[in-house]
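Every chain is numbered from 1 and lettered A, B, ... according to where its sequence line falls, protein lines coming before strand lines.
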Protein chains: 2
Amino acid sequence: MDGPSAARPHKRVTITDVARHAGVSTAAVSKVMRNAYGVSEAMREKVRAAIADLGYRPHAAARGMRGRTYTIGVLLDNVRNAFFADILDGIRDELRHTDYTVLIGAAGFDPEEQARTIRSLVDRQMDGLILIAPGTPRAEVLATAASTPTVVIGHHDASDAYDAVVDADDLGAGLVVDHLVALGHRDIALVSAPGSRANKWKRTPEAVLSEGYLRAMEGHGLAPLARVHHTAYSDDGGFKAGMTLLTADRPPTAVMTGADVAALGVYRAAHELGLRVPADLSLVGYNNTALAALAPVQLTSVDQAGHTMGSAAARMLVERVESRRDRAMQTTMTPRLVVRATTGAPRGR
Amino acid sequence: MDGPSAARPHKRVTITDVARHAGVSTAAVSKVMRNAYGVSEAMREKVRAAIADLGYRPHAAARGMRGRTYTIGVLLDNVRNAFFADILDGIRDELRHTDYTVLIGAAGFDPEEQARTIRSLVDRQMDGLILIAPGTPRAEVLATAASTPTVVIGHHDASDAYDAVVDADDLGAGLVVDHLVALGHRDIALVSAPGSRANKWKRTPEAVLSEGYLRAMEGHGLAPLARVHHTAYSDDGGFKAGMTLLTADRPPTAVMTGADVAALGVYRAAHELGLRVPADLSLVGYNNTALAALAPVQLTSVDQAGHTMGSAAARMLVERVESRRDRAMQTTMTPRLVVRATTGAPRGR
DNA sequence: CTCGTCGTGGATAACGTTTTACAACATCCG
DNA sequence: CGGATGTTGTAAAACGTTATCCACGACGAG
């Protein structure tokens, strides 16, 4: 009898136990675990049996003291963004049948909080990091990447310190503008995210998107009509942007946004102002998340293949962790327009 | 010159470096870090200064070898469920100003995969675990809880091995039925999740919800009209359920679902069958996620206060980790009905 | 025969922390 | 002043792995 919680934590099986049970050294067991060079088939068999007998599972913290932890850390600002969920699925599927485990740090939007989370991941000896559109200063990411293999998703700023996976957001913007112009629109507004606050990322997804939008408008001779409204990518942000744009002197006949959820906010604003979609207003989202396909919405959007981006990132990262590659590389995905029910010819045509 | 990646990984600052820099023992530094007993104010000051000077950050893996890792692991089946995002936010907010970091393992729905993820978290020496509606066999959760403090969210099965946070789903179901009956409905169907496959959880959220629904129907003398349709909580699952129910001989005039996303699937089915909501069909969701409030939907739903559930879980877990409490406890939240635009009087009234 | 060489397995020193035990010293009380 | 009682700091032993040697025997070439 020793107190109420007598349920003894049942001591862990260690490598020493396995070694003793198999009648070999711990070094041998370790070698088998990592399938390192210098073990005979007989030895391998013997050790495997002992491991199975005892149900041995290596202690990750102890591993982290010397070698790998077999853990990949993912930094995310926002769990609510369905696009990120696609990326996560891609990462998970790629890593499913390997020894690696994926752990997610959800940091929120605050750059300081994100930096803290990145440090946490590094302190916990992650073998590699996948940072999804980090808002931390670029310098900090570079410093992290110097000590831990890192893949950055989203930002177009290239570097030889980290690998990168991006979507050709400028092409995406072009697809949308072309589509709308073909329908007869001329007055097309873009709702994008607020610019980075001096954190040294020059080519964020938003920036590249805006760039592509402006270039496309220019290409159609519509440069004077171009206007970009900045707001948070959220339902509420979209709503406010919509209110501002649609109550302006000369409201646009079409609005494209950098995120589906923001497009739904604009939709709500239009609804409230008595405008019908797409009769009075054409609306285009971005990312083609599940939201866009949803029941009464049927939002025209741009598909970014989040799943593919995630698996590409995971593959690239593992290559680096296992040092099968020592040069930085960058993967660019091509976006695709998915036309649904929220775009049509403008009324006054 | 030593190869292309000459950017030396810049050796970590260790506790030894701090001790040397402050002219004290490593033990003293350790005590200050954990603010343990037996350090003078002067010592504390000296060490603090050294830590700041060197920018020391403790190595979590090394910590994990003896004491805590200051990491809380969260098991999640599905990142897409917005309700879980609320819970996560609650956990994060509760832990924000502590030393703990939250790491999320996203496992998917497969029980085996979930079990693997739980093991991964344990192997990585998490100080505590929060399991959100785990699909793994109950026995496995009990075994885990025996060695690591654990909070289970969702399942109503109580135990003295783990703490639990649940919503009174039976009351929630009652609220919905009462609301619909008050509007004049009698033929009310429930769309719930498929039952657990012999994993020994008897009182899953779905089960308790169904129970509450049946009891409420009975209370109104509508037991003969009660019917429960089981399907996956997804847009597609909801769509199929809706199709089945609404094309039946005697279709219900109102449908309540166990998740908002499924309600939207039913909405889509109704739409496709030419039924208008709420004129021809009243529809109620569950969880009051952001989806429910969305633009053109305005779904009546039941609010579960996910944020509060998350912070309660985190608070309870930390109490256990720091062994300020040694008895299991269970927190039950009261749900609240949020009436929006998808419920109204039945037509044939 | 002698040398290397190769293939295999083991001893053992890290890795960076926490924690236990104890030494040194100060303080208090009778 | 002697002993009991605190207080503050340190030395050193874990913790469970990995990786670097080294030893040993077998074998093939000269």
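Within residues 38-50 of chain A, the residues approached by DNA chain C to less than 4.0 Å at the level of any non-hydrogen atom are G38(A), V39(A), S40(A), M43(A), in residue-number order.
Put simply, the side chain of R124(A) never gets that close to the backbone of A61(B): no donor and acceptor are under 3.5 Å apart. Side chain of R12(B) to backbone of R57(B): a donor-acceptor contact under 3.5 angstrom is found. Side chain of E319(B) to main chain of R324(B): no donor-acceptor pair is present (N/O by atom type, distance under 3.5 Å, no hydrogens or angles). A donor-acceptor pair under 3.5 Å is absent between the side-chain atoms of S30(A) and the main chain of T26(A), judged by distance alone.
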> When you check every protein heavy atom under 4.0 Å of nucleotides 16-21 of chain C, what one-letter string (B, S, -) results, 5' to 3'?
Replying inline: BBBB--

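The interatomic distance linking Y37(A) (OH) with dT20(D) (P) rounds to 15 Å, in whole Å.
When only modelled atom types and interatomic distance are considered, H307(B) and D93(B) share a side-chain donor-acceptor pair under 3.5 Å.
Applying the side chain to side chain contact (heavy atoms under 4.5 Å, CB included) criterion to M65(A), with sequence neighbours excluded, gives A62(B), M65(B).
Note on ring orientation: taking the six-membered ring where Trp is involved, the planes of Y100(A) and Y70(A) are tilted (angle from 30° to 60°).
Between D157(B) and K200(B) the shortest heavy-atom distance is OD2-O, 4.2 Å.
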